[in-house]
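Step one of this worksheet: look at the structure below.
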Amino acid sequence: MVHPHKEAIANMSPASLVGMIEESKMIYIKDNLSIHLHDSQIRLLKQVQKHQKPRHVAIRVRKFQNANKDDLFNMHLDLYLKKYQKLAKKGLIEIDDNPGNGLAYDCRLTEKGGEILDEITSLESDWENIVKINISNMDALKKIALNAHDINYKHKKKQEFIF
């Protein structure tokens, strides 16, 4: 039997296909994760891990020091802090209100946060097997990702501050 959505999927734009694939991954992770997290919380938790790397700390400190600390900046500072506080309430990160590195606050993973990230990585691997990502289609995905990365990199270079 032909899949009922085969024709609709065949007529989707590349952007819609990418969105469908990402949505499928996030749904699979959230449905199988041992803790309830929203999509944005999963991304933020991954970002905390990335931002702990010394190179990323140095970039964030430099951008923070050079930022124009206007009302918009302070609003974003408060919004991000509230997002981080939700992860802290779940025991996934710790927030340091006085990190001594030039930032207003800094976050680091807790042991539980590291365990959840390991679980997410494992679930991503399971999802890749379910949707049949293999070496042959990985090469195509890597080429597309490399081209897409230019857009991401240029955008991040233009940002005035990183939280």
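Heavy atoms only: backbone and side chains are in, while hydrogens, waters and symmetry mates are out.
- For residues 8-20, the pairs satisfying side chain to side chain donor-acceptor pair (under 3.5 Å) are Ser13-Ser16, with sequence neighbours left out.
- Considering only heavy atoms from C-beta on, Asp126 comes within 4.5 Å of Leu123 through its side chain.
- In this structure, CG on Leu44 lies 5.0 Å from OH on Tyr84, to the nearest 0.5 angstrom.
- In this structure, Asn152 places its CG atom where more than 12 heavy-atom neighbours from other residues, nucleotides or ligands lie under 6.0 Å away.
- Look at Lys112 and Glu115 and you find no salt bridge, because none of the NZ, NE, NH1 or NH2 atoms lies under 4.0 Å from a carboxylate O.
- With a 4.5 Å cut-off on side-chain heavy atoms, Gln41 and Lys90 count as touching.
- Here Leu79 contributes atom CG and Asn74 contributes atom CG; the two are 11.0 Å apart, rounded to the nearest 0.5 Å.
- Tyr153 has its side chain out of reach of Asp150: every pair of non-hydrogen atoms, C-beta onward, lies at least 4.5 Å apart.
- With respect to Lys46 and Glu124, a salt bridge is recorded, a charged nitrogen being found less than 4.0 Å from a carboxylate O.
- Evaluation of the side-chain hydrogen bond (donor to acceptor under 3.5 Å, both in side chains) rule for Ser40 yields no partner, not counting sequence neighbours.
- When every heavy atom of Phe64 is checked against every heavy atom of Gly102, the shortest pair comes out as CD2-O, 3.1 Å.
- Residues Leu33 and Leu87 share a single hydrophobic cluster, defined by chaining ILVMFWY side chains whose heavy atoms lie under 4.5 Å apart.
- Note that CD1 of Ile42 and CG of Leu117 are 9.5 Å apart. Values are rounded to the nearest 0.5 Å.
- Scored by the side-chain hydrogen bond (donor to acceptor under 3.5 Å, both in side chains) test, Arg108 finds Glu94 as partners (sequence neighbours excluded).
- A heavy-atom distance below 4.5 Å is found between the side chains of Ile9 and Met20.
- More than 12 heavy atoms of other residues, nucleotides or ligands lie within 6.0 Å of NZ in Lys25, so this atom counts as buried by the packing criterion.
- With hydrogens and angles ignored, the 3.5 Å screen pairs a side-chain donor or acceptor of Arg60 with a backbone N or O of His51.
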